[in-house]
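These notes concern the structure reproduced below.
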Amino acid sequence: MTEKAVRSLLFISMLGENELFNPDHFGCLCSSGQEKDWIVDWFGPVAQETGFSLSGVDICRGDALPAVDDVDCVILGGTMHVVTEDRSWLHALYAWLRRYRDAGKPLLGVCGGHQLVSTQFEDGVLDGRVGGTLAGTYEIELTDLGHQHPLFDGLSTSPRFNFANYLHVIPSDAQKAKVLARIGESSAICIDHGNHWYTTQFHPESRRSVWSCMYEQTEPEHVGNYSDDQDGAGLIRNFMKIAAKELNEQRPVVLSE
C-alpha cells in the first residue's frame, strides 16, 4: 500500500507576550488557551489532506524555531505587538525568515505577519488607519489580479474575512502591482510577494470565537461585528494546495510502498 507523502507545515504564533495575551482568556478554544494549539486543532485535518503535517511554535513564550531545512511551509500569525518593536524574539524571527526566504519555500503571513513582510522585507510603510481600528467580518474588494489568483479560487467574488487592525500597510510603487485585495482606506490588504510568499491584513485563520475571547473583557462593542459566515478556511485550504503543488514541483518526493 502506498503511503501519502507528508511535508512539514509550521504555524508561527507571535500573538503576544504575557502583558498582552493571557491564554487563560482563550481556554474555550483549546485546553492550553494557546494560539499555536487551537490552530493545529482546527487546520491539522486539512493540512493532512493536502500532504502536510501541521505543528506550531509560540515564539513569544520561548519556543525555538526549528532549523529552516526541517520546515517546508510556513503560516506566520498575527501579533498584538508592533512589528518594529525591539524584542529579541522579533529579531530572531527576522533572521530566520531571511534564511527561509532564501530557501525558496512558501509562506502565508497574517495581519502582523503581513505588516512584517511588507515593511521589513520590502518597501511598504506601516501607518495608522485614519478610521481607527477595523474590527469585524467584512467584504473585501479583489483587484483584477486577485480575481484570477489561486489564493481566492472557489471563493465568492467579494469574499468576507475577519479583521482586527489599527495599523495597515501603505504599499510602495513596486508593491502596488502585486496587490490582490483592498478595503476602504486600506489599499493593500493582500499582496503576492513572489516566490509563493503571500500576506493578508485580514485573519483567514480565525473564527468568531477568537474575537469573542479577545474583546469580551476589553472592547465588548467589537464582538457583535464578527461572524462565522466568512471565507477564511477556504483561503487557508487554497494556500496549502498552492504550497503543496509548488513544493512537489521543486522537490518531488518518492512515496514509500
Side-chain angles (χ1 to χ4, degrees), residues 6-68 70-83 85 87-94 96-97 100 107-116 135 137 161-165 200 202-220 222-223 226-228 230 232-233 235-237 239-240 243:
V6 176
R7 299 183 187 271
S8 169
L9 170 55
L10 180 68
F11 178 76
I12 302 175
S13 175
M14 56 175 180
L15 191 52
E17 294 185 20
N18 292 332
E19 71 269 21
L20 294 182
F21 171 53
N22 183 351
D24 292 343
H25 297 162
F26 294 79
C28 64
L29 303 181
C30 67
S31 58
S32 70
Q34 293 192 41
E35 183 188 35
K36 65 175 183 179
D37 293 326
W38 76 65
I39 292 297
V40 170
D41 287 348
W42 293 353
F43 293 103
V46 67
Q48 197 166 32
E49 289 173 17
T50 50
F52 290 105
S53 175
L54 176 60
S55 61
V57 294
D58 185 339
I59 57 176
C60 293
R61 284 172 165 68
D63 289 353
L65 288 163
V68 166
D70 294 335
V71 178
D72 296 303
C73 186
V74 165
I75 298 176
L76 176 62
T79 184
M80 297 180 186
H81 298 279
V82 179
V83 297
E85 291 176 13
R87 295 181 184 269
S88 59
W89 54 266
L90 268 173
H91 295 305
L93 175 63
Y94 295 154
W96 191 91
L97 286 173
Y100 182 80
L107 175 141
L108 176 66
V110 170
C111 196
H114 167 71
Q115 295 170 1
L116 186 157
T137 307
F161 296 100
N162 293 327
F163 287 82
N165 62 290
T200 70
F202 49 84
H203 283 269
E205 86 297 357
S206 73
R207 298 177 180 177
R208 184 182 186 279
S209 54
V210 172
W211 309 109
S212 296
C213 296
M214 184 77 70
Y215 287 126
E216 63 184 356
Q217 298 187 25
T218 56
E219 298 172 278
H222 292 325
V223 174
Y226 290 95
S227 168
D228 276 326
Q230 49 90 22
L235 188 142
I236 294 289
R237 179 184 288 273
F239 169 69
M240 291 182 188

Q | Closest contact, heavy atoms only, L54 versus A47 | A | CB-CB, 3.9 Å
Q. So do the side chains of H203 and Q230 get within less than 4.5 Å of each other, counting heavy atoms only?
A. no
Q | Any donor-acceptor N/O pair, D72 side chain to L9 backbone, under 3.5 Å | A | no
(Q) Testing the basics here: between P23 and S32, what is the closest heavy-atom pair and its distance to 0.1 Å? (A) CB-O, 3.6 Å
Q. Where do E35 and F21 come nearest, in terms of heavy atoms and distance?
A. N-CZ, 4.3 Å
Q) Taking the side chain from R7 and the backbone from V71, do they hold a donor-acceptor pair closer than 3.5 Å? A) no
Q: Please work out which of the three classes, parallel, tilted or perpendicular, describes the rings of W38 and W42, given edges at 30° and 60°.
A: tilted
**Q.** F43 CZ to F11 CZ distance, which is reported to the nearest 0.5 Å
**A.** 9.0 Å
(Q) Measuring from atom CD of Q34 to atom CZ of F26, what distance do you get when rounded to the nearest 0.5 angstrom? (A) 11.5 Å
Q: Please examine the side chains of C60 and L15, heavy atoms only from C-beta on, and report whether any two atoms are closer than 4.5 Å.
A: no
**Q.** V6 side chain reached by Q48 side chain, heavy atoms, under 4.5 Å
**A.** no
Q | Atom pair OG/CG of S209 and D228 - distance to nearest 0.5 Å | A | 6.5 Å
Q: Work out which heavy atom in Y226 is nearest to a heavy atom in Y215; give both atom names and the distance.
A: OH-CE1, 3.5 Å
(Q) I need the D41 CG to C30 SG distance, nearest 0.5 Å. (A) 6.0 Å
**Q.** Atom pair OG/CG of S88 and L93 - distance to nearest 0.5 Å
**A.** 11.0 Å
Q: Could you tell me the separation between the CH2 atom of W96 and the CG atom of L65, rounded to the nearest 0.5 Å?
A: 6.0 Å
(Q) Between N162 and V210, is the side chain to side chain contact (heavy atoms under 4.5 Å, CB included) condition met? List the steps. (A) CA-CA 10 Å; N162 293 327; V210 172; over 6 Å; no
Q.
Do H81 and E17 have side chains that approach each other closer than 4.5 Å (heavy atoms only, starting at C-beta)?
A. yes
**Q.** L108 side chain near I236 side chain, heavy-atom distance below 4.5 Å
**A.** yes
**Q.** For A164 against W211, the heavy-atom pair lying closest together
**A.** CB-CZ3, 3.4 Å
Q: Grab the two heavy atoms, one from T137 and one from S227, that are nearest each other, plus how far apart they are.
A: OG1-N, 2.8 Å
Q: Kindly indicate whether the side chain of C213, heavy atoms from C-beta on, has any atom under 4.5 Å from the side chain of L29.
A: yes
Q) Between L76 and L97, is a side chain to side chain contact (heavy atoms under 4.5 Å, CB included) present by the stated rule, with each step listed? A) CA-CA 10 Å; L76 176 62; L97 286 173; 4.0 Å; yes
Q: Classify the ring geometry between F161 and F202 as parallel (under 30°), tilted (30 to 60°) or perpendicular (over 60°).
A: parallel
